[in-house]
A.B. asks: 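Mind having a look at this structure? Questions to follow.
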Amino acid sequence: MIKTLEWTPEGVRFIDQTKLPTEEVYVLCGTYQEVADAIRNMIVRGAPAIGVAAAMGIALGVKQSHAQEISALRNELGQICRRIGETRPTAVNLFWAIRRMQQKFESVASEGIQNIKAALVNEAQQMLVEDIAANEAMGRHGATLMPASGGVLTHCNAGALATCGYGTALGVIRAAVEAGKQIHVFADETRPFLQGARLTCWELMKDGISTTVIADNMAGSMMRQGKINAVVVGADRIAANGDVANKIGTYSVAVLAKEHSIPFYVAAPWSTVDMSTPTGEQIPIEQRSPREVTHHGGKQMAPDGVKVENPAFDVTPNKYVTAIITERGIARAPYDESLKELSPDVAAASR
Ligand code: MRU
């Protein structure tokens with residue numbers, strides 16, 4: 001399995017996703033600030049991977065602290081979490097991970113500084129193990145929804161590289177292929193950062209899964225020609241009503257899928273479901289550098305001074321989503337009810 005990220009005694013090690021597919025190189029981040037930069041600069045990306053990277057960054061920062069008092073260590077934890085929390089606003093897994101590490105800190109705060117440090121390192125490593133297990137469970141649920149044979153379109157990279165291993169949308173595809181289904185993947189190249197062309201194709205080809213890359217604007221034509229039997233994508237945040245924020249362009253794919261009566265599935269771990277955000281309207285959308293749109297591989301593609309929009313994500317309204325696949329099971333419309341049913345905490349609170 002590809003090691004997207006890994007805890008080492010020297011720091012957090014990442015496969016550098018900005019260099020793929022032509023170079024397979026690894027980056028060691030020796031401080032939490034370097035981990036924050038790796039998230040911001042997309043050396044590591046994809047919502048679940050961002051979450052675990054954040055947790056490891058926090059563990060690293062706390063481990064390296066020279067604080068002698070718990071209160072001073074708690075202050076440092078606050079600074080570390082703030083710095084890491086400023087990296088990317090849309091993937092809710094980032095904030096989920098920060099909260100979980102803060103809760104861990106408080107649950108062991110009375111046990112002394114060395115124990116706190118060890119507990120946080122342990123927690124971050126545990127999150128990596130849980131993420132892979134969640135993806136495998138999602139794969140088992142989602143594989144049942146995939147066609148016995150045919151084309152499956154995916155957008156961006158929701159694979160091993162976007163998680164700690166196996167992937168969410170690509171985990172569903174992997175599980176379907178492992179179950180003997182004859183799937184051919186169509187990967188949208190995913191302008192402007194090309195996660196589909198660079199990353200999805202790289203990891204699927206490594207696994208020997210049949211894959212065709214298409215430019216984003218070809219998806220509708222492929223659907224019309226009957227080449228696509230299902231769509232499966234990941235998510236950066238799913239609101240309580242089932243609206244889904246994912247890589248820019250996902251919304252267009254979902255609308256096209258509906259027009260062609262093709263099922264549109266979203267696969268995501270429960271850490272991506274944000275029951276405290278009522279609808280997609282409230283999901284913050286990250287704006288990235290105009291240069292990602294105007295330049296490619298260092299070459300200028302648009303005139304100097306042109307106005308640029310570069311939202312990294314869009315929101316797909318729940319009416320386009322056929323089902324949401326999580327490790328807890330499959331949710332279908334009405335999502336405000338089905339997601340609540342999968343969420344024991346919310347169900348218990350409303351009783
Ligand atoms: O900007 P990115 O590459 O971090 O965006 C990634 C996506 O949009 C993925 O589809 C999403 O995070 C799900 S990853 C399992």
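Both ligands and their constituent atoms are indexed starting at 1 by order of listing.
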A.B. asks: A47 versus ligand 1: do any nitrogen or oxygen atoms come within less than 3.5 Å of each other?
C.D. replies: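 It does: an N or O of A47 is found under 3.5 Å from an N or O of ligand 1.
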
A.B. asks: Does atom CD of Q68 have more than 12 heavy-atom neighbours, drawn from other residues, nucleotides or ligands, at distances under 6.0 Å?
C.D. replies: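 Incorrect, the count does not exceed 12.
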
A.B. asks: Using a 6.0 Å cut-off, check whether atom NE2 of H295 has over 12 heavy atoms from anything other than its own residue.
C.D. replies: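 Yes, enclosed.
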
A.B. asks: Is it the side chain, the backbone, both or neither of A235 that has a heavy atom closer than 4.0 Å to ligand 1?
C.D. replies: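 Just the backbone.
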
A.B. asks: Could you tell me whether R88 and ligand 1 have an N or O pair separated by under 3.5 Å?
C.D. replies: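 Right, the criterion is met.
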
A.B. asks: Is D243 close to E281 at the side-chain level, that is, under 4.5 Å between some pair of heavy atoms?
C.D. replies: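 No, every pair of side-chain atoms sits at 4.5 Å or beyond.
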
A.B. asks: Can you tell which part of K247 has a heavy atom less than 4.0 Å from ligand 1: side chain, backbone, both or neither?
C.D. replies: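 It is both parts that get close, each with some atom under 4.0 Å.
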
A.B. asks: Would you check if there is a donor-acceptor pair between the side chains of E327 and N135 at a distance under 3.5 Å?
C.D. replies: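 Side-chain D/A pair, N135 to E327: absent.
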
A.B. asks: Out of all atoms in ligand 1, which are within 4.0 Å of some heavy atom of F313? Include the element for each.
C.D. replies: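 The list of qualifying atoms is 1 (O), 5 (O), 8 (O).
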
A.B. asks: So which pairs with a foot in residues 20-40 pass salt bridge (charged side-chain N to carboxylate O under 4.0 Å, His left out), sequence neighbours left out?
C.D. replies: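 As it turns out, the salt bridge (charged side-chain N to carboxylate O under 4.0 Å, His left out) pairs with a partner in residues 20-40, which skip direct neighbours, are E24-K206, D37-R83, R40-E286.
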
A.B. asks: Which protein heavy atom lies closest to atom 10 (O) of ligand 1, and at what distance to 0.1 Å?
C.D. replies: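 Looking only at protein heavy atoms, the one closest to atom 10 (O) of ligand 1 is N246 OD1, 2.6 Å.
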
A.B. asks: Tell me, which protein residue and heavy-atom name are nearest atom 6 (C) of ligand 1, and how many Å apart are they?
C.D. replies: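 The closest heavy atom on the protein side is R45 NH2, 3.5 Å.
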
A.B. asks: Measure C156 to ligand 1 on non-hydrogen atoms and call it side chain, backbone, both or neither using the 4.0 Å cut-off.
C.D. replies: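 The answer is the side chain of C156.
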
A.B. asks: Is there a donor-acceptor contact under 3.5 Å from the side chain of D314 to the main chain of G249?
C.D. replies: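 Side chain of D314 to backbone of G249, a donor-acceptor pair under 3.5 Å: yes, one is there.
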
A.B. asks: May I ask you to check whether over 12 heavy atoms, not counting those of E69, lie within 6.0 Å of atom CD?
C.D. replies: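 No, the 6.0 Å shell around CD holds no more than 12 heavy atoms from other groups.
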
A.B. asks: Name all pairs fulfilling the salt bridge (charged side-chain N to carboxylate O under 4.0 Å, His left out) condition that reach into residues 182-202, sequence neighbours left out, sorted by first residue then second.
C.D. replies: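 Every candidate salt bridge (charged side-chain N to carboxylate O under 4.0 Å, His left out) pair involving residues 182-202 fails, so no pair, neighbours aside, qualifies.
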
A.B. asks: Starting from atom 7 (C) of ligand 1, which protein heavy atom do you reach first, and at what distance in Å?
C.D. replies: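 For atom 7 (C) of ligand 1, the nearest protein heavy atom is D236 OD1, 3.2 Å.
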
A.B. asks: Could you pull out, from I39, T168, I248, the option with a heavy atom nearest to atom 15 (C) of ligand 1?
C.D. replies: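 Going through I39, T168, I248 one by one, T168 has the nearest heavy atom to atom 15 (C) of ligand 1.
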
A.B. asks: Looking at ligand 1, is there an atom of it that comes within less than 4.0 Å of some heavy atom belonging to H155?
C.D. replies: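 It does not, in that no heavy atom of H155 comes within the 4.0 Å cut-off of ligand 1.
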
A.B. asks: To check your reading of the model: name the closest protein heavy atom to atom 14 (S) of ligand 1, its residue, and the distance in Å.
C.D. replies: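 Protein heavy atom with the smallest distance to atom 14 (S) of ligand 1: A162 CB, 3.4 Å.
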
A.B. asks: N/O of P48 under 3.5 Å from N/O of ligand 1, yes or no?
C.D. replies: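 Looking only at distances, the answer is no, because the N/O contact criterion of under 3.5 Å is not met.
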
A.B. asks: Using a 4.0 Å heavy-atom threshold (strictly under), name the region of F193 that reaches ligand 1: side chain, backbone, both or neither.
C.D. replies: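 None of F193 does.
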
A.B. asks: Any salt bridge linking K340 with E337? Criterion: basic side-chain nitrogen under 4.0 Å from a carboxylate oxygen.
C.D. replies: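 No, K340 and E337 are not salt-bridged.
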
